[in-house]
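Down below is the structure, laid out as structure tokens.
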Amino acid sequence: MQPAVLVPDAAAAAPVSAPVANLFQAQFDALREYAPALRREDVAARRARLQKLANWIRANRAAIQAALYVDFKKPTAETDTSEIWAVLVEIKHTISHLGRWMGRRTVGTPLPLLGSRSWVQVEPKGAVLIIAPWNYPFYLAVDPLVSALAAGNAVVIKPAEQTPATSALLRRMAEELFRPDEVLVLEGGKDVATDLLRLPWDHIFFTGSPQIGKLVMRAAAEHLSGITLELGGKSPAVVDATANLRDAAEKIAWGKFLNAGQTCIAPDYVLVEASVKEAFVREITAALQRYYNPDGAGAEQSDSLARIVNPHHFERVSALLADARQRGATIAAGGHTNAATCYIEPTLLLDIPAGAAILEEEIFGPLLPILTFDTLPEAADYINARPKPLAQYVFTTNAANRRFLLDTVSAGGAAVNETIIHVANPGLPFGGVGNSGVGKAHGHAGFLAFSNEKSVLRQRVGFTGIKLMYPPYTPKVKRLIGLMMKCL
């Protein structure tokens with residue numbers, strides 16, 4: 001995931017040898033002081049807090065839409081589905097299941113411990129930090145907030161400075177709904193992030209690029225803070241010859257060009273079986289016309305297409321396009337850019353030579369490379385030769401092909417004959433593997449990320465079977481231990 005310019009360099013996040021003054025020490029101490037009160041709250045109090053948050057989101061729908069449009073002209077329909085609806089689904093799911101999540105989970109007792117009882121109970125971690133990115137600046141701040149509040153934590157949110165209108169809205173939301181020692185939104189740039197990362201958080205939840213994720217992990221290591229890293233990578237979409245090509249093209253085009261390609265789980269490239277490449281290119285080109293140019297006025301006039309968030313990222317994505325073209329790649333559709341409005345047309349690229357930057361870097365923009373393969377093992381080998389992706393998309397009607405790709409390719413998550421929407425199911429843990437992330441989020445997985453699962457064993461008072469094996473280790477005790485070993 002590209003968005004996350006948080007710390008100026010590795011040294012800024014590196015462990016410090018001596019204490020330094022921290023601008024946010026007082027706020028941090030206040031959260032730590034109030035955290036025990038949140039810890040003691042029952043399920044009804046936590047549900048009420050989450051319901052209050054849901055009510056605020058519904059009442060401020062228009063304000064959320066406006067903020068996202070100001071920040072990068074995000075279509076209101078996309079804001080509704082990918083920012084507002086997704087959070088409300090998460091809240092509803094969490095409220096519904098919270099009682100069970102907070103309850104004790106009993107476990108069995110092995111024979112040598114007969115007479116004891118064991119269970120697992122969850123407790124909040126305490127004071128936690130959420131560092132949110134700019135690409136889905138509302139959803140990716142509030143979704144982990146839901147999990148953190150459900151688990152009973154005090155929370156600081158550091159929103160992205162690249163989307164100031166949404167950051168201001170998040171601050172207003174926190175001020176209207178929560179005590180400042182319960183949920184606090186701290187706006188600002190690298191200096192704010194750097195100071196926050198120097199504090200001894202009980203957990204840090206970061207969404208952003210693998211490069212910055214490494215710096216966040218290094219800072220967390222100074223205090224052995226718990227950490228969840230939602231990162232990214234080059235998520236592949238594999239289309240075999242048995243796939244319904246129109247269906248696959250429509251779903252890949254939607255998933256790729258949603259939010260102008262600025263989505264961590266967007267298909268980063270397509271691997272299409274060579275025998276159906278030309279037919280697939282025709283179908284996805286037609287899909288782009290239906291989505292973004294239905295009246296022939298040009299995609300730049302479409303109100304269904306977001307813009308690149310700022311000039312810096314516009315130049316980065318434009319450079320990937322220019323490098324591919326200079327190396328001999330051909331454009332099957334799109335290719336137009338406008339620096340004045342940070343507009344990049346949805347673009348399909350073919351014949352991209354090895355070594356092109358667009359095949360090495362996460363694109364995070366509306367450029368889609370289309371590559372070919374002859375056999376499924378060839379496609380799997382291509383993916384597995386690269387860092388593990390956050391998402392894997394498989395388009396096939398052949399069950400054996402589906403099983404092969406799901407079993408052979410390692411990825412944080414996967415969808416079959418679909419893109420993107422697996423993230424919208426709160427029953428599915430969401431997260432990466434290896435370079436694409438550490439830990440899981442959403443639903444019960446998100447609740448556990450912000451919780452400590454405390455293991456408890458309760459023993460009876462007086463005689464127990466274990467006492468028979470206390471020292472001194474007489475022959476009788478040794479024989480008893482030997483019998484116990486034979487039972488294993």
Are any side-chain N or O atoms of [X] and backbone N or O atoms of [Y], one a donor and one an acceptor, separated by less than 3.5 Å?
X	Y	value
Asp240	Ala243	yes
His223	Arg198	yes
Asp268	Glu362	no
Asn435	Pro389	no
Ser167	Ala160	yes
Lys158	Gly188	yes
Ser235	Ala391	yes

Could you give the distance from [atom1] ([X]) to [atom2] ([Y]), rounded to the nearest 0.5 Å?
X	Y	atom1	atom2	value
Glu182	Arg49	CD	CZ	4.0 Å
Ile358	Leu368	CD1	CG	8.5 Å
Tyr473	Lys478	OH	NZ	10.5 Å
His203	Ile227	NE2	CD1	7.5 Å
Lys234	Arg386	NZ	CZ	9.0 Å
Leu145	Ile157	CG	CD1	4.5 Å

Handout entry: Closest contact, heavy atoms only, Val433 versus Gly412
Key =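 Residues Val433 and Gly412, closest heavy atoms: CG1-N, 3.6 Å.
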Practice task
Please report the closest heavy-atom contact between Pro200 and Arg32, naming both atoms and the distance.
Solution key: O-NH2, 2.6 Å
Exercise for the section: Could you pull out all residues at least two apart from Glu33 that satisfy salt bridge (Lys or Arg N to Asp or Glu O under 4.0 Å)? Expected result: none
Practice task
Scan residues 28-66 for pairs that pass ring pair (Phe, Tyr, Trp, His ring centres under 6.0 Å), counting only residues two or more places apart or in two chains.
Solution key: Phe28-Trp201
Problem - Residue pairs passing the ring pair (Phe, Tyr, Trp, His ring centres under 6.0 Å) test where at least one lies in residues 138-197, sequence neighbours excluded - result: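 Qualifying pairs: none.
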Practice task
Mind jotting down which residue pairs meet the salt bridge (charged side-chain N to carboxylate O under 4.0 Å, His left out) criterion with at least one end in residues 428-441? Sequence neighbours excluded, please.
Solution key: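 Listed once each, the pairs would be none.
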Practice task
Anything under 30° is parallel, anything over 60° is perpendicular, the rest tilted; go ahead and classify Phe205 against Phe450.
Solution key: parallel
Exercise for the section: Classify the ring geometry between His442 and Phe430 as parallel (under 30°), tilted (30 to 60°) or perpendicular (over 60°). Expected result: parallel
Do the side chains of [Y] and [X] get nearer than 4.5 Å, heavy atoms only?
X	Y	answer
Ile131	Leu196	no
Leu129	Leu197	yes
Val156	Gln27	no

Handout entry: Partner of Leu177 under side chain to side chain contact (heavy atoms under 4.5 Å, CB included), chosen from Glu175, Met173, Arg179
Key =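 The passing option is Met173.
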Handout entry: side chain to side chain contact (heavy atoms under 4.5 Å, CB included) partners of Pro472, counting only residues at least two apart
Key =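 Expected list: Thr474.
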Exercise for the section: Could you pull out all residues at least two apart from Lys454 that satisfy side chain to side chain contact (heavy atoms under 4.5 Å, CB included)? Expected result: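 Expected list: Arg39, Gln121, Glu123, Asn452, Val456.
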Problem - Donor on one side chain, acceptor on other, Thr242 and Asn398, under 3.5 Å - result: no
